[in-house]
Asks: 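Have a look at this one before I ask anything.
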Amino acid sequence: MPSDLRLTVVNAAFDPAAPGPEALLDRYATLTGWCDAMTEAGASVRVVQRYSRARQVQRGGVEYVFVADGRPAVLPARTGSSPVAEAVALSRPHLLHVNGLGFPALLPSLRRAAREAVLVVQDHAGARPPDGSVVGAWRRLAWRRGLGVVDAVSFTAEAQARAWQDAGILRRQHVLGLIESSTGVRPAPRIEARRRTGLRGDPLVLSVGRLVPGKEPLAVLAAFERLAAVRPAARLAFVYQNGPLEPALRAAIAAAPTLEGRVTLVGGVAHAAIGDYYGAADLFVSGSRAEGSGYALIEAMACGLPPVVTDIPPFRAIAGPCGRYWRPGDVDEAAAALVEMASLDLAAERTRVRAQFEQELSWAAIASRTLGVYRELLATTRVRDR
């Protein structure tokens, strides 16, 4: 096992609106945060990042190699990239970490470029297993071929691999359960946060996420209405960028006299100000039916908010014993979970949540666990005849 693990990260998509490499890195706080943390944990990290023009940037202890291949900003699933593979070969990694399952045609060329490396692909919820249609059958074959050359696939929770295994795409690969991201968001002091946001409540329940069917905002609203029946001072705030269910949500609020003055549709909030909303709140709620990870949940826990969230594998992996869970769409369970959490000593719960974040969800904790798992893979995965 190498004492200085050479880790190469491949990012096969980029934001075409970024005016330059430095600006792109400023926008990719998750990428840079993860790489910085892995460097601090002891890895030697290089990033091969597709972009509209070639350049090399050193930021902190990480080298970013920007590669231009003339293809679309998001590399199509059927398309490889020789320039990316060439840059990977030059880095001579011990372990190659590819972000996203959506690039199966790229993987064989990366395998050839780094024959001696352990190859890990990390899910970022951008791809789903193909369906049973004719087109889906072709896509399933393409994914099976592409992912067939990798040694391991990483999900927030191992249970998320099941759909890919059931589709016959993942067969012999190691399945890893690794939380992919942390956050630097911290809460504003309570009095100041409530003054700046104009929010109040005892408790104040916060929902952060798009108003789309998969997030079940109407179920969250119905569950909160039952909480308000026993806690009249309770309030609910929705922070969201957009979503087709906003008219339905407004109609449901208007139709329920018990919700009058108790629900605030905040709308979009600049990320720099999101700590005000977490700081103002007492509880975090999410009705998501499926997630790749759960960035808003991670932010809420960084700010000490006790979570009342759906019982899905990534939320279980993130919130652990600090959460109260309910089946997606089940208003009865959601209401019971909200009422139970609201009845607890919330100051003590905030302390528990912050401890969970520091121990399991901070950048240092994520990097330490990830690097430990990667070193174990290097020690136990035999180099095959590629």
Asks: For residues 156-166, which residue pairs pass the side chain to side chain donor-acceptor pair (under 3.5 Å) check, not counting sequence neighbours?
Replies: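 Not a single pair qualifies under side chain to side chain donor-acceptor pair (under 3.5 Å).
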Asks: Checking the side chain of S182 only, and the main-chain atoms of L361 only, is there a donor and an acceptor separated by less than 3.5 Å?
Replies: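 Looks like yes, one N/O pair under 3.5 Å.
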Asks: Does atom CZ of R92 have more than 12 heavy-atom neighbours, drawn from other residues, nucleotides or ligands, at distances under 6.0 Å?
Replies: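 Atom CZ in R92 is not crowded, with 12 or fewer foreign heavy atoms closer than 6.0 Å.
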Asks: With side-chain hydrogen bond (donor to acceptor under 3.5 Å, both in side chains) as the test, would you mind laying out the steps for D151 and T381 before giving the verdict?
Replies: CA-CA 8 Å; D151 298 294; T381 301; 5.4 Å; no
Asks: Measuring from atom CG of L227 to atom CD of E225, what distance do you get when rounded to the nearest 0.5 angstrom?
Replies: 11.0 Å
Asks: Quick check on R200: does its CZ atom have over 12 non-hydrogen neighbours (other residues, nucleotides or ligands) under 6.0 Å away?
Replies: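 No, the 6.0 Å shell around CZ holds no more than 12 heavy atoms from other groups.
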Asks: So, H94 side chain and A117 main chain: donor-acceptor pair closer than 3.5 Å or not?
Replies: no
Asks: May I have the list of side-chain donor-acceptor pairs in residues 365-372 shorter than 3.5 Å, sequence neighbours left out?
Replies:
{"unit_1": "R369", "atom_1": "NH1", "unit_2": "G177", "atom_2": "O", "d": "2.5"}
{"unit_1": "R369", "atom_1": "NH2", "unit_2": "G177", "atom_2": "O", "d": "3.3"}
{"unit_1": "T370", "atom_1": "OG1", "unit_2": "I366", "atom_2": "O", "d": "2.8"}

Asks: Do L7 and Y64 sit in the same hydrophobic cluster, where Ile, Leu, Val, Met, Phe, Trp and Tyr count as joined when their side-chain heavy atoms come under 4.5 Å apart?
Replies: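 Yes: a chain of side-chain contacts under 4.5 Å links L7 to Y64.
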Asks: Looking at Q356, is its backbone amide N or carbonyl O close enough to the side chain of E358 to form a donor-acceptor pair, meaning the two atoms are under 3.5 Å apart?
Replies: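 Side chain of E358 to backbone of Q356, a donor-acceptor pair under 3.5 Å: no, none is there.
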Asks: Scan for side chain to side chain donor-acceptor pair (under 3.5 Å) pairs involving residues 334-345, sequence neighbours excluded, and state none if there are none.
Replies: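 Sorted result for residues 334-345: R324-E340.
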Asks: Does A12 have any side-chain contact (heavy atoms from CB on, under 4.5 Å) partners at least two apart in sequence or in another chain, and if so, which?
Replies: R50, L75, F103, L106
Asks: Just grab all the ring pair (Phe, Tyr, Trp, His ring centres under 6.0 Å) pairs involving residues 320-345, residues at least two apart or on different chains.
Replies: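 Residue pairs passing ring pair (Phe, Tyr, Trp, His ring centres under 6.0 Å), neighbours aside: none found.
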Asks: Answer yes or no: is there a side-chain heavy-atom contact under 4.5 Å between L25 and V57?
Replies: yes
Asks: For R350, which residues count as a side-chain contact (heavy atoms from CB on, under 4.5 Å) partner, sequence neighbours excluded?
Replies: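 So R350 forms a side-chain contact (heavy atoms from CB on, under 4.5 Å) with R190, D282, P306, L346, A347.
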Asks: Are V185 and Y278 side-chain neighbours, meaning at least one heavy-atom pair lies under 4.5 Å?
Replies: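 A side-chain contact exists here, since the closest heavy-atom pair is under 4.5 Å.
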Asks: Does E291 pair with K215 as a salt bridge, N-O distance under 4.0 Å?
Replies: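 K215 and E291: salt-bridged.
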Asks: Quick one: pull up CZ in R250 and CG in L265 and give me the separation to the nearest 0.5 Å.
Replies: 4.5 Å
Asks: More than 12 non-hydrogen atoms from neighbouring residues, nucleotides or ligands closer than 6.0 Å to CZ on R145, yes or no?
Replies: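 Atom CZ in R145 is not packed in, count stays at 12 or less.
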Asks: Answer yes if the side chains of H271 and E299 hold a donor-acceptor pair under 3.5 Å, and no otherwise.
Replies: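 Looking only at side-chain atoms, E299 and H271 do form a donor-acceptor pair, the distance falling under 3.5 Å.
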Asks: Could you report the tightest heavy-atom contact between A252 and L259, atom names first, then the distance?
Replies: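 Minimum heavy-atom separation between A252 and L259: O-CD1, 4.3 Å.
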Asks: Verify, without hydrogens or angle tests, whether R316 (side chain) and A319 (backbone) share a donor-acceptor contact under 3.5 angstrom.
Replies: no
Asks: Taking it one step at a time, do R6 and S91 satisfy side chain to side chain contact (heavy atoms under 4.5 Å, CB included)?
Replies: CA-CA 8 Å; R6 292 195 304 273; S91 68; over 6 Å; no
Asks: Between R327 and D311, is there a side-chain N and carboxylate O pair less than 4.0 Å apart?
Replies: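 No.
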Asks: Do the non-hydrogen side-chain atoms of V62 and R59 ever get within less than 4.5 Å of each other?
Replies: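 The answer is no, as the side chains (C-beta and beyond) never meet within the 4.5 Å cut-off.
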Asks: Please name the pair of heavy atoms, one in L110 and one in A85, separated by the smallest distance, quoted to 0.1 Å.
Replies: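 For L110 versus A85, the nearest heavy atoms are CD2-CA, 4.0 Å.
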Asks: Work out which heavy atom in I312 is nearest to a heavy atom in S288; give both atom names and the distance.
Replies: CD1-O, 3.9 Å
Asks: Sequence neighbours left out, what pairs pass salt bridge (charged side-chain N to carboxylate O under 4.0 Å, His left out) with at least one residue falling in residues 252-271?
Replies: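 Salt bridge (charged side-chain N to carboxylate O under 4.0 Å, His left out) check on residues 252-271 returns no pairs.
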Asks: Could you list the residues that satisfy side-chain contact (heavy atoms from CB on, under 4.5 Å) with P247, not counting sequence neighbours?
Replies: none
Asks: If you look at every heavy atom in S181 and I298, which pair is closest and at what distance?
Replies: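 Minimum heavy-atom contact is O-CD1, 3.4 Å.
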Asks: Suppose we screen for side chain to side chain donor-acceptor pair (under 3.5 Å). Which residues come up paired with Y277, at least two apart in sequence or across chains?
Replies: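 Result, side chain to side chain donor-acceptor pair (under 3.5 Å) vs Y277: none returned.
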Asks: Taking NZ, NE, NH1 and NH2 as the nitrogens, is one of them in D332 or R226 under 4.0 Å from a carboxylate oxygen of the other?
Replies: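 So D332 pairs with R226 through a salt bridge.
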Asks: How close do A157 and P314 get, heavy atom to heavy atom, and via which atoms?
Replies: CB-N, 4.1 Å
Asks: With side chain to side chain contact (heavy atoms under 4.5 Å, CB included) as the test, would you mind laying out the steps for F284 and V308 before giving the verdict?
Replies: CA-CA 6 Å; F284 175 81; V308 180; over 6 Å; no
Asks: Please determine whether residues W363 and L5 belong to a single hydrophobic cluster, defined as Ile, Leu, Val, Met, Phe, Trp and Tyr linked transitively by side-chain heavy-atom distances below 4.5 Å.
Replies: yes
Asks: Please collect all side chain to side chain donor-acceptor pair (under 3.5 Å) contacts where either partner lies in residues 28-47, sequence neighbours excluded, each pair once.
Replies: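 Matches after skipping sequence neighbours: R46-E63.
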Asks: Measuring only between side-chain heavy atoms, which start at C-beta, is Y240 closer than 4.5 Å to E246?
Replies: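 With C-beta onward as the side chain, the pair touches.
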Asks: With sequence neighbours left out, write down each residue that passes ring-ring contact (aromatic ring centres under 6.0 Å, His included) with Y51, or none if nothing qualifies.
Replies: F14, F66
Asks: Quick check: is Y295 connected to L211 through a chain of hydrophobic side chains (ILVMFWY, heavy atoms under 4.5 Å apart)?
Replies: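 Shared cluster, no.
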Asks: Side chains of V208 and L206: closer than 4.5 Å at any heavy-atom pair?
Replies: yes
Asks: Going by ring pair (Phe, Tyr, Trp, His ring centres under 6.0 Å), name the pairs with one or both residues in residues 327-346, residues two or more places apart or in two chains.
Replies: none
Asks: Would a hydrophobic clustering, with Ile, Leu, Val, Met, Phe, Trp and Tyr connected at side-chain separations under 4.5 Å, put F224 with L199?
Replies: no
Asks: Take V47 and V65 through the side chain to side chain contact (heavy atoms under 4.5 Å, CB included) test and state the conclusion after the steps.
Replies: CA-CA 6 Å; V47 176; V65 180; over 6 Å; no
Asks: Can you confirm whether V153 sits close enough to L101 that some side-chain heavy atom of one is under 4.5 Å from a side-chain heavy atom of the other?
Replies: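 SC-SC contact between V153 and L101 confirmed.
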Asks: Would a single hydrophobic cluster contain both V45 and L377, if residues Ile, Leu, Val, Met, Phe, Trp and Tyr are joined by side-chain heavy-atom contacts under 4.5 Å?
Replies: yes
Asks: Side chains of H97 and Y374: do they bring a donor and an acceptor to under 3.5 Å?
Replies: yes
Asks: Step by step, work out the side chain to side chain contact (heavy atoms under 4.5 Å, CB included) result for V10 and L96.
Replies: CA-CA 8 Å; V10 173; L96 182 58; 3.7 Å; yes
Asks: Please tell me if the side chains of L221 and L236 come closer than 4.5 Å, counting only heavy atoms from C-beta onward.
Replies: yes
Asks: Using every non-hydrogen atom in the two residues, find where P307 and L297 come nearest and quote the distance to one decimal.
Replies: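 In terms of heavy atoms, the two residues are closest at CB-CD1, 3.6 Å.
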Asks: What distance separates D69 CG from S82 OG, expressed to the nearest 0.5 Å?
Replies: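 Atom-to-atom, D69:CG and S82:OG are 9.0 Å apart.
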Asks: With the side chain counted from C-beta on, respond yes when N11 and V48 share a heavy-atom pair under 4.5 Å apart, and no when they do not.
Replies: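 No; the side chains remain at least 4.5 Å from each other.
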